[in-house]
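Residue numbers start from 1 in every chain, and the chains themselves are labelled A, B, ... in the order their sequence lines are given, proteins ahead of strands. Predicted model only: the values in this text are computed from it and were never measured.
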Number of protein chains: 2
Amino acid sequence: MEQNDKRQNNNFDRCTSGLRKAGVKLTHQRIEICREISGRTDHPDADAVFHAVRQRMPTISLDTVYRTVSTLINLGLIGTLDVAGESARFDNNIDPHHHFICNRCGEAYDFQSEELDNIVLPEEVKALGTVLDTRIQARGICFECAKKDQH
Amino acid sequence: MEQNDKRQNNNFDRCTSGLRKAGVKLTHQRIEICREISGRTDHPDADAVFHAVRQRMPTISLDTVYRTVSTLINLGLIGTLDVAGESARFDNNIDPHHHFICNRCGEAYDFQSEELDNIVLPEEVKALGTVLDTRIQARGICFECAKKDQH
DNA sequence: TTTGGTGCAAACCGTTTGCATCGCT
DNA sequence: AGCGATGCAAACGGTTTGCACCAAA
């Protein structure tokens, strides 16, 4: 409990001071959005954050949540679970395999590895449920984009 | 090359015979969509498949691509790269960590593991680009959902 | 003839944007 | 007064759906 409060405060401070450092005004709405996201251990979407904050601040709008959350992401103060805003992409490879995804162009490259297929997950995970499939997602910059960068 | 043709045929057969087995009619459009997806090593989205198939079959509609692709996914004949149709979810945990995602309810649980943070990727990946971040995504059924199943 | 599949258009939903207003400083 | 931040409403892009038509069994 005490431990939990501490973590929340750390998250909250990271977000608010991060915004301040970036020269972004700390408005009431932004503070409340930070508080909401920091206090959660689940992974809410924009709408969930909006509804939660609206309890305390009935005038807030969903747009402000979107704008604030997107600044937080751009500043690296929070993360996203999946690649937002992209369209669904299909994969005809249904054998176990892994992905290297380029952060710049979004291209996904497959790679295979028997070793990685047999990864042993920590005990902790067994307490969550039954694992059916384990995949690795490596992110970085692909050579195509790296080449373009050095023009 | 020969190797590649073989793989494509395998994928194509898997898709078409899978549809047949499921009692779904093998129409011209569906066959072409299967052929297109099977012949690709990249990860096209619905629109890319649509444009490619339209070259050969100018009357096909985007709707049919969506419908066919969604049957293929439901039958497990192709996979998706990311969880389609879901909204973006935020994560106040920016430390390196991994996810266990429930296939039933979509809930995402964090877990940490120093071992897994230091995973060694195969040589193959180095040829693709510079890796900045490696995360594990385990999928399965969480205990909450498992409980509900046995009502 | 019946049934499922298709194309079209409209709805839908999450997200973004243009614009007028608001509230600090 | 000036400027960024906000709320509103409308736009947007990917996806789904209702409906009438079509084609194969």
| Tell me: NE2 of A:His28 to P of C:dC24, nearest whole Å? | 6 Å
| task | In whole angstrom, give the distance that lies between atom CD of A:Glu32 and atom P of D:dT6. | result | 12 Å
| said: Does B:Ser70 reach a base, just sugar-phosphate, or nothing at all? Heavy atoms under 4.0 Å. | reply: nothing
| task | Could you say whether A:Asp47 or B:Thr27 is positioned toward the 5' end of DNA chain C, judged by the nucleotide with the nearest heavy atom to each? | result | B:Thr27
| remark: Applying side-chain hydrogen bond (donor to acceptor under 3.5 Å, both in side chains) to B:Asp47 and not counting sequence neighbours gives B:His51
| Is any NZ, NE, NH1 or NH2 atom of the basic residue among A:Arg135 and A:Asp133 found under 4.0 Å from an Asp or Glu carboxylate oxygen of the other? | yes
| Could you go step by step and tell me if A:His98 and A:Asp110 meet the side-chain hydrogen bond (donor to acceptor under 3.5 Å, both in side chains) rule? | CA-CA 6 Å; A:His98 311 284; A:Asp110 292 0; over 6 Å; no
| said: With no hydrogens and no angle check, just 3.5 Å: does a side-chain donor-acceptor pair link B:Thr68 and B:Thr71? | reply: no
| request: Starting at atom CZ of B:Phe50, determine the distance to atom P of C:dT6, rounded to an integer number of angstrom. | output: 14 Å
| note | Atom CG of A:Leu26 and atom C1' of C:dT25 are separated, to the nearest Å, by 15 Å
| field | Under-4.0 Å side-chain N/O to phosphate OP1/OP2 contact, B:Thr64 with C:dG7 | value | yes
| query | Should A:Asp91 and B:Ile78 be marked as a side chain to side chain contact (heavy atoms under 4.5 Å, CB included) after you check the CA-CA gap, both sets of side-chain angles, and the distance that decides it? | reply | CA-CA 6 Å; A:Asp91 194 343; B:Ile78 61 172; over 6 Å; no
| message | Distance check needed: D:dC8 P versus A:Arg54 CZ, whole Å only. | response | 10 Å
| Minimum-distance nucleotide to A:Gln29 side chain [options: C:dG5, C:dG7, D:dT6] | D:dT6
| query | If you check the A:Tyr66 side chain, which of C:dT16, D:dG14, D:dA5 turns out closest? | reply | C:dT16
| remark: dist B:Met57:CE -> B:Gln29:CD (nearest 0.5 Å) comes out at 5.0 Å
| Could you give the CE-to-P distance, from A:Met57 to D:dA5, as a whole number of Å? | 15 Å
| message | Nearest to the side chain of A:Leu62, heavy atoms from C-beta on, is which of C:dT15, D:dT15, D:dG7? | response | C:dT15
| task | Return the value, rounded to whole Å, for the distance between atom CD1 of B:Ile33 and atom C1' of C:dG7. | result | 13 Å
| remark: With sequence neighbours left out, the residues meeting salt bridge (Lys or Arg N to Asp or Glu O under 4.0 Å) with B:Arg35 are B:Glu32
If you restrict it to nitrogen or oxygen atoms, what contacts under 3.5 Å exist between nucleotides 17-23 of chain D and the protein, and what is each distance?
unit_1, atom_1, unit_2, atom_2, d
D:dT17, O4, B:Asp63, OD2, 3.1

| Protein-nucleotide distance (A:Arg30, atom CZ; C:dG23, atom P), rounded to Å | 16 Å
